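One structure below.
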Amino acid sequence: MTPRTIEEAAELANRIETQLNQVLIGQPAVTRQVMLALITGGHVLIEGVPGLGKTLLARSLARVLELDFQRIQFTPDLMPSDVTGHVLFDSQTGDFRVRKGPAFTNLLLADEINRAPAKTQAALLEVMQERQITIEGETFELDPPFVVLATQNPLDQEGTYPLPEAELDRFLFKILIDYPELEDETRMVEMVLDGSLPDSLDAEQLTPVTNAEGILALAHQAEAVILDRAIIDYILRLVRATREHPSLIQGGGPRASIALARTAKTQALLAGRDFVIPDDIKQVAPPVLRHRLRLGVDADIEGQTVESVLEQLLEQVEAPRQ
Amino acid sequence: MDLNRINARLAPRSCWQAVDFGTRLYRRWWRQGALVWLVFTALPFALLAGYGAATRSVWPMLVFWWLKPLWERPLLAFYSRALFGDYPSPWTLLRTFRSYGVNGLAGQLTWRRLSPMRGFLTGVWQLEGSKGDKASGRLSVLLRPPSQRAGTLTLTVLTLEHLMTVALVVLAITLVPWQFNLEFSVWFQEQSRLQWAFANLAWYLVLMVTEPLYVATSFALYLNQRTWLEGWDLQLGLTRIGERRRRAGRGGAALLVLLALFSAAPHPAEAQAGQPESRLKRDAAQSLLPPVESGRSDFSRDNGATESASTDKDAPKQQALDLLASDTFMPFEERQDRRLRESLRDDDNDSWWRDLLKKLLERDRDNSDRDDPLSIPDTVVEGMGYLLLLVLLGVILALILQRLPGGLARRRRGPEMPVNVAGLDTRADSLPADLNQALDDELARGDIRAALALLLRDGLITLFQRHPTPLTAGATEQDCLRAYRRLLGDAPVVAWLADLIDAWTRTAWAHRPSDREWVRALRDRWGELRPALTGRAPS
């Protein structure tokens, strides 16, 4: 299905989310944010303890959108060529042949990205930024949409290589995935027990809703959403306020402002509007900004978090004037 | 034991000075103390530690620890004699153990074992030879004030013992080659025989330092307590004066003065009441009494001589007073007490608050200026003082309340309407006097945005005045709507606000102005709803 109007776009997005929420119980905010990133064309860093359905989400997304899906388990011995691909010598033909890596896909799940050394991380991040891969001097364009869903575990930090700030900035969103509410977890257990929800990573039961073309059409529609100048001012005031906040030693850069503006448009589209309102900014600000901000040591000792500072900023920065 | 042979100056000290005195005892004879400890404990320790290591059991070391009062007896015997110039060898102490080491030991090894006063009270049995009720009487006398801090001392030395043991073990482990497999990280999970023996040895070596120290400091506390209670320092001083007078062949009058002074000495009688025929006291008495008696005989002789030689009468008296006043004889602790009242009186640099304070403090005593017509009446001064105190207390209370989460003042004030909400000026005085007219004017000009802005501002201000709710400067239109939906539910005014905000957002952010008639309809609905909130329609 390819949407032609705002209503159709909202309807399509709604159907995709409904499908995803069937397997990912109790995480509607996560599915909404992943949808936003997918349509906006940004990459997602998902942080959460193991067992909360990150891989299932990626598989389900690939199934519902009929996208090509690959998964890489990042380990300390993973090499850049294991991600991007390499050149092989074919003894039968006596020629060199390119063997494409798992990055040649639409939806790439980079599981526990912080377990690989910086060199391998950089190789992937380069692909994320340029959406092309160069192997032995030959450049390959990646088919759109290309979205990386990278995961990391917030608890088990031993033997990991934390992503540098510059590389974190390449991610459009950082999504925090937490345990589901009691009600949702109860429903999940009941569904698994009565067989309506497979106790595996199998997403075959889901019905495809659209394809890559549909996603690109949604992205195209999102671009056409009206963004008033006053709201752009609001975005800039908000991002600049992160740079001046005493509790933060690093605020959002221009890339954060752009990400906010683009994501807010998609958010408006998914809400069935062809114009952005200030609330769209407030809704997408936490996942867009949280990984781009660094808390100062003093604030950390005082018990503040990036989330609390963001909340404070969203309350203090004046809503846009018309 | 002759008090005249004492190697230290007897004086009533504070308990910490006494402990310091004890550490000096230890430092002076630390080699001998360590030797005594080794002679008496090395073999039992080796046997018990060996057995404990062989059987991997804890109780042999527990037995050694429990027998600490036994091991401390020879040390006390050594220090108590060394202080009086007698230095018994370890072999002598070993040979004569029965004479000093048995009395009261059974009690100390059973029900008194865990007493924190152990070291302090050992002297009662070991040095005084008290038994039964007499010992109980002596204990109650010794435990009288002034405080002797024996319990604190025991805990301190115990802590020191453990810290030093752990430190020694850690230090050694860091130095031991890795081949010995002495890994501290697995110390509490798995212990080899070597680790076991090593920890025990470390403890024993530490005890070689802490036990003599504990005995010496406890003994010093004991001596100090007796000096306080029995005036040993005075007795010693009297003895010396008596001897000096006897040697000089005169001094009856001086002794009379000294005896008169001695009658005012601190509690000798009290201490004597529970005094057993202790070895120490008996020895002291033996050394003390003859000179005193001879002094008295000298005094009798001199008394007779006084009549014939009245010119020499004041000389010995003065000599005795000089001796008592000398630094080497009596208290070496000087105290300076300056009271606020005195310091105020002495201070020439007066200021108004000093005057006030002075008046407050001296109100009852100083009535000299009552007749002065210009003086401040006492009641006024007192009132000012109380007022000052009340203000001070009020300020402190206010500061505390302010710092409490959700402080009192803030709770009372309630939420304040921010100056800007949703990008709109929400100050009540910023609205035009005639809202309907202003709205019609904007509609006539075709400025739908301005008309809706007016309506929204009036709506928000009115709603907030009627139903205050916390709104921040960052609140958007939808935030306002959500806040009032939470507060008022599905009330008609909330439905009106939702319609208004919908029209406003389309106009403001989508650049699609609402229909003029729709704006008028919203205004009319507001005209019906407003009186319920304010009691009057928009003017």
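All figures in this text were calculated on a predicted structure; none of them were measured in a lab. Order of the sequence lines sets the chain letters (A, B, ...), proteins ahead of strands, with each chain counted from 1.
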Give, for atom CD of A:E315 and atom CG of B:D479, the distance between the pair rounded to the nearest 0.5 Å. 9.0 Å
For B:A510 and A:I226 the tightest heavy-atom approach is O-CD1, 3.7 Å
Cut-off 4.5 Å, heavy atoms of chain A, and the answer for B:R506 is both
With a 4.5 Å heavy-atom cut-off (strictly below), which parts of residues 265-290 of chain A touch chain B? List them by number. A:D274, A:F275, A:V276, A:I277, A:P278, A:D279, A:K282
Between A:L238, A:I231, A:L314, which residue shows the highest count of heavy-atom pairs closer than 4.5 Å to chain B? A:I231
Return the OG1 to CG distance between B:T505 and A:D228, rounded to the nearest 0.5 Å. 12.0 Å
Correct closest heavy-atom pair for B:A475 and A:A319 would be O-CB, 3.5 Å
Under 4.5 Å from a heavy atom of chain B, the part of A:Q316 involved: backbone
Are more than 12 heavy atoms from other residues, nucleotides or ligands located less than 6.0 Å from atom CZ of B:R520? yes
Got a sec: does the CG of A:D77 have more than 12 other heavy atoms crowding it under 6.0 Å? yes
Counting neighbours of CD on A:Q250 that are heavy atoms of other residues, nucleotides or ligands and sit closer than 6.0 Å, is the number greater than 12? yes
